[in-house]
Each structure stands twice: as structure tokens, then as C-alpha cells.
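The block underneath contains the structure these notes are about, expressed in C-alpha cells.
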Amino acid sequence: MKVAYVQMEPTFLKPEINYSKAEELIRTAVDRGARLVVLPELFDTGYNFRSREEVLRIAGQIPDGPTTQFLMQLSRELGVFIVAGTAEKDEQGKLYNSAVITGPVGSGYIGKYRKVHLFYREKLFFEPGNLGFRVFNIGIAKIGVMVCFDWFFPESARTLALKGADIIAHPSNLVMPYAPRAMPIRALENRVYTVTANRIGEEFGLRFIGRSTIASPKAEVLAVGSEDGEEVGVVEIDLGLARDKRINEMNDILKDRRPEHYSL
Ligand code: ACM
């Protein structure tokens, strides 16, 4: 199975422009054989909001809003699974930094995740995620979803691994330099593949680091993006490796856990 990241620079508050750009890059990834494509966090709106009102005006409902509808349509047309970050407004007007997963089955809508660990000024606009960490069985693989700063909390990836994820899809807008080095370790310690799709560019003084990364259960970096280019990374992965949690004939990284010693 081939998986991909899309690395792009969203145009702030211009979803239509961002849909066109994302579509072009998703088509490139699918042409290169990708069955799962991961887009950055907030790929539709940009990131560095100045007020809650600004987010409220641009955020959409999931799945009825335009961003999820766009992704559902594209998934159905191209026969591809997509995980993408989007600004969500629920029926009560609460805002979430969410990710949706769509695929080529039925309506195309599979599910959503709401970012659990909000970073810095996101706390001014968004509610903390209230759905927990979710793993979506898409038939060909089990996909766990977390968003950007969730990586800083090893419990996020661990919870997804314990729930059976083979692959962690990780839409991101990274500003700190650490995740490209840390994600291969998240992949190693959970024996999963990780696909971090980051954005590039700058918004009101905030610079995003690019360097989208696909890592293997052996901590290999299978693909890494540039710091400033719009591009896709596509790699073949071996799901058997992610599903075998043994690291030798006597150690299994999930079965050998000793949770009775982990509580305070
Ligand atoms: C981040 O969570 N966007 C840094």
C-alpha cells in the first residue's frame, strides 16, 4: 500500500484557493499510486487567526460544510482515502481544530477527530477536542488520527496504537523544529507508520517548518519534505511490519507493557 503527504502553503482565509491547490497535489499523489493522502492541519483556512470571530466566519460543519464536501467528492472520484485538517464549527457555534477522514465508499464521509492538545493561541479560538483519539478501519488499514501538537504528548500515539492503528495520520502546522526528529521515535515505540503532513510559509510572523515526514516502525525516515516547497511524498509501506508488535521472540511492545507501574 502506498501512502502520501501533501505539503502546501494554504492561503489565509481563502478556502477555494486552498481546495484547488490541495486537489492538484492530491491528484499528483494518486497518479503516483497513493491510496491514503494526508493534508496539513487547517489546510482550508490557514492557521494564525487574529480573533475568534475570524474563525467563526470561516469554519464549517462536518460533514455538511464545504471543506468536508469537497474532500468527500474528491475521494469518491479518485478512489482515495484522505485525512485533512479543517476548522470545524458545530451546531452550537463551538469551534474545533479538527481533522476529517474521507474515502471512496458510500457518501465518502468516514469520520472526524477534534484536536485534543491545543497549541498556544489556538486556546483563544478552539475548544479542546472532546471525542478522544480515534482509529478508523478503512478495510485496507486501520488509520489513527492526531493533529500537530498532539505529537508532544506520547500518550496520543500510544493510545492510537493501543486502539489498533497501523498508520498514524498527522496533519500538522509545525512551528517548532522537533517533530521531524521525534516522529520516527513515535513510530518506533508504537511500531506503526506515521505520516506527518506539514505546511510551509509564514503568517503574521509565524513561520512553518515544512519537512513533512513519513516514518516506519523501525524509525526509518522513508520520505521527508523540503523546508519551503509545495510537494508530495509517496512511499510504499508494509502493513505486516506495523501489525507485528514483536521486536524479538521474547518481546512484544504492547503485551510487555506494565501499566500497573505507570500510574502515579
Ligand atoms: C501546532 O500544533 N500547530 C503547533
Side-chain angles (χ1 to χ4, degrees), residues 5-15 18 21-22 38-52 54-56 58-60 62 67 83-89 94-101 112-134 144-160 168-187 194-215 224-228 230:
Y5 62 72
V6 160
Q7 176 168 297
M8 59 181 272
E9 177 170 11
T11 302
F12 191 61
L13 303 183
K14 297 277 186 236
N18 299 327
K21 187 177 279 186
V38 184
L39 266 58
E41 177 182 12
L42 297 170
F43 91 95
D44 51 348
T45 60
Y47 179 80
N48 201 5
F49 299 109
R50 292 157 296 185
S51 70
R52 193 174 178 281
E54 202 167 52
V55 195
L56 205 55
I58 199 87
I62 299 174
T67 296
V83 177
T86 175
E88 179 190 3
K89 173 170 54 186
K94 284 193 179 146
L95 299 169
Y96 297 93
N97 184 341
S98 293
V100 290
I101 176 165
K112 70 180 168 190
Y113 162 72
R114 292 170 167 165
K115 186 176 186 178
V116 165
H117 302 100
L118 297 174
F119 179 69
Y120 195 43
R121 293 181 70 251
E122 290 170 31
K123 294 188 178 193
L124 304 177
F125 317 124
F126 295 112
E127 304 292 322
N130 55 1
L131 301 175
F133 289 99
R134 298 186 142 186
V145 181
M146 62 186 203
V147 172
C148 203
F149 189 51
D150 282 329
W151 79 264
F152 220 102
F153 304 84
E155 295 88 347
S156 311
R158 176 65 99 205
T159 303
L160 291 169
I168 293 179
H170 183 212
S172 294
N173 277 189
L174 297 162
V175 292
M176 297 187 292
Y178 315 115
R181 274 181 290 148
M183 287 308 292
I185 304 307
R186 293 287 171 277
T194 60
V195 183
T196 300
N198 195 25
R199 63 161 290 174
I200 57 159
E202 190 174 328
E203 264 173 19
F204 312 116
L206 204 57
R207 173 156 284 284
F208 303 92
I209 67 162
R211 300 182 62 211
S212 297
T213 302
I214 302 178
V224 64
S226 66
E227 287 177 12
D228 51 11
E230 297 193 302

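Quantities reported herein were computed from a predicted structural model and do not represent experimental measurements. Whatever order the structure lists ligands and atoms in, that order sets their numbers, starting from 1.
- Residue-environment remark: OH (Y178) stays at or below the threshold of 12 foreign heavy atoms within 6.0 Å.
- In this structure, F204 places its CZ atom where more than 12 heavy-atom neighbours from other residues, nucleotides or ligands lie under 6.0 Å away.
- Under the rule for a ring-ring contact (aromatic ring centres under 6.0 Å, His included), the partners of F208 that lie at least two apart in sequence or sit in another chain are Y47.
- Ring geometry for F152 versus F149: interplanar angle of 30 to 60°, hence tilted.
- Heavy atoms from other residues, nucleotides or ligands lying under 6.0 Å from CD of E227 number 12 at most.
- Ligand 1 lies under 4.0 Å from heavy atoms of E41, Y47, K115, F119, E122, C148, F149, N173.
- Environment of NZ in K21: crowded, with over 12 heavy atoms of neighbouring residues, nucleotides or ligands closer than 6.0 Å.
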